[in-house]
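Working notes, structure below.
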Amino acid sequence: MRLSRYFLPILKENPREAEIVSHRLMLRAGMIRQQGAGSFSWLPLGKRVLDKVCRIIREEQDRSGALEIMMPTIQSADLWRESGRYDAYGKEMLRIKDRHERDMLYGPTNEEMVTDIFRAYVKSYKDLPLNLYHIQWKFRDEVRPRFGVMRSREFLMKDAYSFDLDYEGAKEAYHRMFVAYLRTFTRMGLQAIPMRADTGPIGGDLSHEFIILAETGESQVYCHRDYLGFEVPGEDVDFGNAAEIAGIVGKWTTPYAATDEMHDEAAWSAIAGDDKVSARGIEVGHIFHFGEKYSKPMNASVTGPDGKEHFVSMGSYGIGPSRLIAAIIEASHDENGIVWPESISPFDVALINMKSGDTECDRVCNELEAALSAAGKDVLYDDTDQRPGAKFATADLIGLPWQLIVSPRGVAAGEVELKNRKTGERENLSIAAAIARLGGIA
RNA sequence: CGGAGUGUAGCGCAGCCUGGUAGCGCACCUGAUUUGGGAUCAGGGGGUCGCGUGUUCGAAUCACGCCACUCCGACCA
């Protein structure tokens with residue numbers, strides 16, 4: 001992609017309304033445009049990141065056995081009356097009427113609707129387990145939206161819903177999602193720590209929030225240092241092997257880890273001083289078992305091996321991709337701008353032509369763009385006639401992991417310069433070596 | 001929803017107290033010179049001063065009402 005043909009409305013100055021760093025950087029890098037309180041348009045650069053994040057989420061959901069569906073954003077109030085939540089849900093739910101004066105709502109979540117889908121078709125335990133997920137825009141009329149896309153009213157959400165015959169099956173489904181989440185966040189370059197979350201009236205121990213550590217985190221969190229060294233399961237993990245999956249979950253839930261609300265001073269003080277990690281954290285995922293909360297009132301049941309009807313045991317598993325992007329920026333930036341992990345960077349390489357219009361520079365840039373594109377890399381080629389300083393500032397701001405700098409001086413020597421955004425390291429390479437190096441980046 | 005604050009050009013701001021032709025920087029357009037860390041010079045375009053009502057000869061400026069946005073708190077992914 002040539003920058004001269006792209007839509008990248010970067011801002012030199014900080015917009016007044018943006019306080020936290022991710023909000024500021026997303027606005028300055030031209031990723032999003034605020035349309036109102038808690039309401040954002042995603043511009044091309046932001047949309048690319050969103051797509052990359054969703055792709056990883058999909059791959060890991062699919063790998064774990066979940067199946068993607070899509071459901072309407074506008075739902076009938078009748079469904080919500082069945083579960084009792086139409087009255088129970090507060091003003092966060094946007095309630096609307098259609099032309100026939102029927103009560104409708106813009107979905108803040110989809111347990112009722114997915115349960116309705118399930119009960120319409122699934123009648124036997126032989127069709128279980130089942131896990132259906134969707135990635136969709138949701139709306140919650142927050143009292144106080146804030147922090148940019150971190151806490152917006154309209155937001156993208158991945159929700160998976162699992163259905164099982166009984167608690168034991170539901171627990172295995174929960175474990176699979178747990179492991180899928182570990183893999184998902186790791187692939188995005190994040191260290192996410194599962195922390196026991198409040199299960200409320202449901203009870204039990206099957207509720208975890210996945211927290212990433214960031215200095216600007218929204219809440220105080222506490223965990224054992226062991227977590228920072230734990231290995232995340234690889235691609236070869238067998239989701240069909242319940243014992244293996246349960247073992248991984250066991251390992252990841254044994255050391256102490258808690259958010260402020262669940263913090264236990266007694267257990268905490270039992271940990272050796274050097275092993276205590278007390279930090280700020282941001283919640284990027286939440287998994288939750290809720291049993292028959294919806295299946296019972298909505299009559300979602302299957303016939304079991306015993307010939308009797310059983311209300312299915314359910315769980316739900318959320319990740320907010322839009323919020324996650326802000327969280328990643330909070331965890332990965334410096335004074336010059338965003339520092340993207342390679343797996344979700346909007347482009348792989350910033351190709352910077354230091355002197356657009358110079359025959360040799362143009363020729364080398366064209367060659368590099370073609371070769372890297374052929375190698376499957378997304379290249380953002382800065383072919384504008386701005387001055388070097390402005391180009392560097394832009395490249396640093398939008399945070400692509402690699403900057404490939406082509407200058408008259410370098411080209412005369414048959415070399416280009418490769419800069420690592422994260423470390424700032426620079427290296428002069430021959431053109432062929434640069435292609436080989438960047439083309440090989442996974 | 002309680003508390004605090006801000007609305008003036010695309011963005012960042014001054015002007016308001018003490019009413020009298022709407023300004024600055026960046027960005028944008030034209031031309032020239034520049035080219036390794038957000039260039040320089042010259043010229044130019046762009047504003048219902050958030051909205052409404054009132055006071056006044058006259059309102060960005062004063063009064064009242066409303067709206068929007070931000071921050072702190074309660075709440076939440």
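Closest approach to the A:Ser152 side chain among B:rG12, B:rA74, B:rA77 is made by B:rA77 (side chain taken as heavy atoms from C-beta onward). Which of B:rC69, B:rA77, B:rG36 sits closest to the side chain of A:Glu417 comes down to B:rG36. Picking from B:rG12, B:rC71, B:rU70 the nucleotide with the shortest atom distance to the side chain of A:Arg16 gives B:rG12. When each of B:rG36, B:rC72, B:rC76 is scored by its nearest atom to the side-chain atoms of A:Arg146, the top-ranked nucleotide is B:rC72. Checking B:rU35, B:rA74, B:rC71 against every side-chain atom of A:Val143, the shortest atom distance belongs to B:rA74.
Checked against the 6.0 Å centroid criterion, the rings of A:Phe40 and A:His23 qualify as a close aromatic pair. Ring centroids of A:Tyr317 and A:His208 are separated by 6.0 Å or more, keeping the two rings apart. Aromatic rings from A:Phe178 and A:Phe210 are positioned such that their centres are separated by under 6.0 Å.
Across B:rA63 and B:rG23, the matching P atoms stand 25 Å from one another, rounded to whole Å. Rounded to whole Å, the P atom of B:rC16 lies 24 Å from the corresponding atom of B:rC57.
Nucleic acid contact for A:Arg33: none, since no nucleic acid atom lies under 4.0 Å from a heavy atom of the residue. Using a 4.0 Å heavy-atom distance criterion, A:Gly36 is classed as a sugar-phosphate-only contact. Among the atoms of the strands shown, base atoms are found under 4.0 Å from some heavy atom of A:Arg151.
A salt bridge links A:Arg437 and A:Glu427; the closest N-O separation between the charged side-chain nitrogens and carboxylate oxygens is under 4.0 Å.
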Could you write out each protein N or O paired with an N or O of nucleotides 25-32 of chain B at a distance under 3.5 Å?
| from | atom 1 | to | atom 2 | distance (Å) |
| --- | --- | --- | --- | --- |
| B:rG25 | N2 | A:Glu13 | OE1 | 2.9 |

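Shown here, B:rC51 forms a base pair with B:rG65; the pair counts as Watson-Crick or G-U wobble because both key distances fall under 3.5 Å.
With A:Asn353 as reference, A:Asp362 is the one residue of A:Asp362, A:Asp358, A:Thr384 to meet the side-chain hydrogen bond (donor to acceptor under 3.5 Å, both in side chains) rule.
Looking only at side-chain heavy atoms (C-beta outward), A:Arg140 and A:Tyr89 come within less than 4.5 Å of each other.
A:Arg387 contributes a side-chain N or O that forms a donor-acceptor pair with the base of B:rU34 under 3.5 Å.
A donor and an acceptor atom, one from each side chain of A:Asp62 and A:Tyr133, are located under 3.5 Å apart.
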